[in-house]
Amino acid sequence: MATIFTRIAKGEIPSYKVAENDEFYAFLDINPLAKGHTLVIPKNTEEDYIFNLDDPTYHGLCAFAKKVAAAIKEAVPCKRVGVAVLGLEVPHTHIHLVPLQTEGDMDFRKEKLSLSQEEFSAIAESINKAFESGK
Ligand code: 5GP
C-alpha cells in the first residue's frame, strides 16, 4: 500500500503544495512548528530511512530542499531555515524545513500551531511564488 506521502504527492490526498519537480515534492506540514514549516520528499521511492537512499536521490533531495529553503527564507520572515530529519511517524523519507527565530522553534515536542485553511494557502502560495521566481 502506498504511503500517505506518496498519496499526497500524487494528489490523492490534499496538501498545501510549495514546490515540485519530476522527482521531489514539497508541501506544508499539517502540524507546523512555525509558519512555513515544510516537508520535502522524494516522489519515486518510499524508502523510509534517508541514509538508505541511493546517492543520486539523496543528493537530489538535498539540492531540491536547498532551493525550497531559499524560497522559504524569502517568503517567511525568519533568521534562517532549520533542517531536521526524524521520520519517527511517517515511514517515507522527508526533510523538515522550519523557519527559525529562536532555537526553541525547532523543538518537536512543543505545541504545534493551529492555522486556518486560508493561512496555509497564503503561506504555500507565497513560498511557491518565491520558488518559481528563483528557479
Ligand atoms: P516524522 O515522521 O518526521 O517524525 O513526522 C512526520 C511529520 O509529518 C509530522 O510533522 C506531521 O505533522 C506531518 N504529517 C503527518 N501526516 C501528514 C499529512 O497527512 N499531511 C501533512 N501535510 N503533514 C503530515
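Atoms within a ligand are numbered from 1 in the order they appear, just like the ligands themselves. Throughout, residue positions are numbered sequentially from 1 according to the sequence presented. Remember, it's a predicted structure, so these values are computed and weren't measured experimentally.
Heavy atoms of His96 come nearer than 4.0 angstrom to ligand 1 in at least one pair. Within the structure, ligand 1 lacks Ser15 among the residues with a heavy atom less than 4.0 angstrom away.
Numbered from 1 in the order shown, with element, the atoms of ligand 1 that lie under 4.0 Å from a heavy atom of Asn31 read 12 (O). Within ligand 1, counting atoms from 1 as listed, the ones closer than 4.0 Å to a heavy atom of Ile4 are 19 (O). For ligand 1, the atoms lying closer than 4.0 Å to a non-hydrogen atom of Phe27 are 21 (C), 22 (N). Of all atoms in ligand 1, listed by their number and element, those nearer than 4.0 Å to a heavy atom of His94 are 1 (P), 2 (O), 3 (O), 5 (O), 6 (C).
For ligand 1, none of its N or O atoms has an N or O atom of Leu86 under 3.5 Å away. Of the polar atoms of Leu88, at least one N or O is found under 3.5 Å from an N or O of ligand 1, judged by distance alone. Between Leu39 and ligand 1, no pair of N/O atoms sits closer than 3.5 Å. Backbone and side-chain nitrogen or oxygen atoms of Phe5 are examined, and none is located within less than 3.5 angstrom of a nitrogen or oxygen of ligand 1.
With hydrogens left out, the protein atom closest to atom 24 (C) of ligand 1 is Ile30 CG2, 3.8 Å, a heavy atom. For atom 15 (C) of ligand 1, the closest non-hydrogen atom on the protein side is Glu89 OE2, 3.4 Å. Taking atom 20 (N) of ligand 1 as the reference point, the nearest protein heavy-atom neighbour is Ile8 CD1, 3.6 Å. Considering only non-hydrogen protein atoms, atom 22 (N) of ligand 1 sits nearest to Leu28 O, 2.9 Å. Ranking protein heavy atoms by distance to atom 9 (C) of ligand 1, first place goes to Asp29 OD2, 3.3 Å.
A salt bridge links Lys17 with Glu20: the closest approach of a Lys/Arg side-chain nitrogen to an acidic carboxylate oxygen falls below 4.0 angstrom.
Between His94 and His92, the distance separating the two ring centers is not shorter than 6.0 angstrom.
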* Asked: Between Ile41 and Phe24, does a side-chain contact (heavy atoms from CB on, under 4.5 Å) hold up when you go through it step by step?
  -> CA-CA 6 Å; Ile41 63 167; Phe24 307 106; over 6 Å; no
* Is there a side-chain contact (heavy atoms from CB on, under 4.5 Å) between Phe5 and Phe27 once you walk through the steps? -> CA-CA 10 Å; Phe5 285 175; Phe27 57 106; 3.8 Å; yes
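Summarising the geometry of Thr38 relative to Gly36, their closest heavy-atom pair is OG1-O, 2.7 Å, with the distance given to 0.1 Å. When all heavy atoms are compared, the tightest approach of Glu46 to Met1 is OE1-O, 4.3 Å. Among all heavy-atom pairs drawn from Ser133 and Glu74, the shortest one is OG-OE2, 4.4 Å.
Taking the six-membered ring where tryptophan is involved, the planes of His37 and Phe108 are perpendicular, since the angle between them exceeds 60° and thus also 30°.
Heavy-atom neighbours of Lys112 NZ from other residues, nucleotides or ligands within 6.0 Å: above the threshold of 12.
Between Pro32 and Leu115, the closest side-chain pair of non-hydrogen atoms falls below 4.5 Å.
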